[in-house]
Protein chains: 2
Amino acid sequence: MPDVEKTEHLTVGAWTKRCYFAGRALMDATLRPFDLGSTQWYVLWHLANQGPSVQRDLARALELERATLSGIVATLVRKGLVRQTSDGDDQRQRRLALTRSGENLWRELPDLSFIQQAAFAGIDEADLATTMRVLRAATERLQALLQKA
Amino acid sequence: MPDVEKTEHLTVGAWTKRCYFAGRALMDATLRPFDLGSTQWYVLWHLANQGPSVQRDLARALELERATLSGIVATLVRKGLVRQTSDGDDQRQRRLALTRSGENLWRELPDLSFIQQAAFAGIDEADLATTMRVLRAATERLQALLQKA
DNA sequence: CGATATTCGTACGGTAGCTGACGAATTCGA
DNA sequence: TCGAATTCGTCAGCTACCGTACGAATATCG
């Protein structure tokens with residue numbers, strides 16, 4: 001939102017937004033042939049690398065609301081990529097795992113690390129670290145402020 | 001998405017996401033008493049400060065798709081805050097302007113600059129500039145890559 | 001002048017987030 | 001031990017994005 005910069009506020013906000021959306025769009029474009037959304041990819045990623053997981057834990061790990069994850073999981077189950085069972089000692093919980101076809105799909109998926117690499121290729125290592133630090137600090141301040149409100 | 005950092009890619013992507021969402025959440029929380037969403041605020045902001053505008057121009061200025069803006073505008077018109085007329089020489093275009101009640105509401109709205117200020121208070125000016133530069137460069141690379149795909 | 005291409009706004013469908021409410025299951029306290 | 005609080009997953013409803021398709025209006029070109 002370029003014009004907003006004239007107000008001298010929300011400028012970095014505008015760039016975080018642009019950067020976030022650009023990255024996600026590229027992710028989505030890459031995953032489109034596989035009929036996967038970016039968040040669906042994160043779920044598969046976690047299940048493939050961290051193994052089966054209780055839905056609640058997965059939500060915490062991916063920083064999603066339970067309700068949000070619930071919808072994603074429903075989609076993945078419908079596609080036959082993920083299995084949702086309730087075999088634990090706590091009958092409220094649902095355990096998630098990749099199905100055979102989910103594992104097969106995961107093996108076919110391209111490596112997405114090229115996105116991060118392309119985005120920050122040629123950028124000074126120290127500058128990247130600074131950026132991370134600034135964003136982390138800003139996020140923490142914002143979340144703290146949100147807490148109080 | 002913290003765990004993702006272990007893959008050593010998408011780490012900055014995760015922070016831009018967190019930062020963007022945290023900022024937007026704070027904006028939404030501040031605007032909630034006025035029953036306004038953050039994008040609705042941007043539209044009012046533009047109309048209040050840049051004056052009436054053709055819908056297409058507004059979409060370009062706010063970096064929104066025409067379809068997206070169309071929905072936002074419909075909501076604002078329904079609330080009686082914005083007037084949508086087609087009085088130009090080009091009968092396809094719709095000219096947008098604040099209504100009287102829209103102007104009144106705008107005057108009542110709090111200044112949102114405290115969000116940006118709070119987020120980056122105490123952060124070194126040079127570091128902030130570096131962050132802006134890195135984000136801008138990354139976004140441009142990502143968009144260029146998206147273009148080709 | 002008439003056919004074709006473009007542009008504007010809208011409609012529809014999809015993804016990705018959120019909140020709030022709810023039933024079922026579990027835990028905690030008195 | 002029994003009632004109250006908490007937790008888990010889901011549902012419904014909202015904002016905010018996207019892409020595609022479409023009708024109407026305009027521009028362009030032969």
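Every value quoted in this text rests on a predicted model; they were computed, and no experiment measured them. Per chain, numbering begins at 1; letters A, B, ... match sequence-line order.
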State whether B/Tyr20 places a side-chain N or O below 4.0 Å from either non-bridging phosphate oxygen (OP1 or OP2) of D/dC17. yes

Report the relative orientation of the aromatic rings in A/Trp106 and A/Trp41; use parallel for angles under 30°, tilted for 30 to 60°, perpendicular for over 60°. tilted

With the criterion being N/O to N/O and under 3.5 Å, what pairs connect the protein with nucleotides 4-7 of chain C, and how long is each?
residue: C/dT7; atom: O2; partner: B/Arg92; partner atom: NH1; Å: 2.8

Assess whether side-chain contact (heavy atoms from CB on, under 4.5 Å) is satisfied between A/Thr130 and B/Val134, documenting all intermediate values. CA-CA 10 Å; A/Thr130 299; B/Val134 168; over 6 Å; no

Of A/Arg32 and B/Ser38, the one whose closest DNA chain D nucleotide lies more 5': B/Ser38

For A/Asp89, answer base if it contacts any base atom (sugar-phosphate contacts may also be present), sugar-phosphate if it contacts only those atoms, and nothing otherwise; contact means non-hydrogen atoms under 4.0 Å. sugar-phosphate

Within the pair B/Gln93 and D/dT26, is there a side-chain N or O less than 4.0 Å away from OP1 or OP2? no

Grab the CE-C1' distance between B/Met27 and C/dC18 for me, whole Å please. 16 Å

Return the value, rounded to whole Å, for the distance between atom CD of B/Glu65 and atom P of D/dA21. 15 Å

Taking the side chain of B/Val54 as its heavy atoms from C-beta onward, which of C/dG17, C/dG9, D/dT10 lies nearest to it? C/dG9

Which listed nucleotide (D/dT26, C/dG17, D/dG9) is nearest to the side chain of A/Thr68? C/dG17

Which pairs of donor and acceptor atoms, one on a side chain in residues 66-75 of chain A, lie under 3.5 Å apart (sequence neighbours left out)?
residue: A/Thr75; atom: OG1; partner: A/Gly71; partner atom: O; Å: 3.2

What do the steps show when you test B/Arg94 against B/Thr85 for side-chain contact (heavy atoms from CB on, under 4.5 Å), and what is the final call? CA-CA 5 Å; B/Arg94 300 302 198 85; B/Thr85 55; over 6 Å; no

Rounded to whole angstroms, how far apart are CD1 on B/Ile72 and C1' on D/dC18? 13 Å

Between C/dC18 atom P and B/Leu31 atom CG, what is the distance in whole Å? 18 Å

Taking the side chain of B/Ala67 as heavy atoms from C-beta outward, which of D/dA16, D/dG9, D/dG19 is closest to it? D/dG19

Is A/Thr39 near enough to C/dG17 that one of its side-chain N or O atoms lies under 4.0 angstrom from OP1 or OP2? yes

Using only atom types and a distance under 3.5 Å, with no angle test, would you say the side chain of A/Lys79 pairs donor to acceptor with the backbone of A/Asp35? yes

Could you state the atom-to-atom distance from CZ of A/Arg18 to P of D/dC18 in whole Å? 13 Å

Per A/Ser70 side chain, nearest of listed nucleotides D/dT10, D/dT26, D/dC8: D/dT10

What's the closest nucleotide to the A/Leu64 side chain, out of C/dG17, C/dG9, C/dA16? C/dG17

For atom CZ of B/Arg95 and atom C1' of D/dA25, their distance in whole Å: 16 Å

Does B/Lys17 put a side-chain nitrogen or oxygen below 4.0 Å from OP1 or OP2 of C/dA16? no

Starting from P on D/dG9, measure out to CD on A/Gln84 and report it in whole angstrom. 8 Å

Could you measure the distance from the CE atom of A/Met27 to the CG atom of B/Leu146? Nearest 0.5 Å is fine. 13.5 Å

For the side chain of A/Arg141 and the backbone of B/Ala121, is there at least one donor-acceptor N/O pair under 3.5 Å apart? yes

In whole angstroms, how far is the P atom of C/dA11 from the CG atom of B/Leu69? 13 Å

I would like to know whether B/Thr139 and A/Phe21 meet side-chain contact (heavy atoms from CB on, under 4.5 Å); could you show each step before the answer? CA-CA 9 Å; B/Thr139 305; A/Phe21 274 100; over 6 Å; no

Which nucleotide wins on minimum distance to the side chain of A/Gln91, given the candidates C/dA25, C/dT19, D/dC17? C/dA25

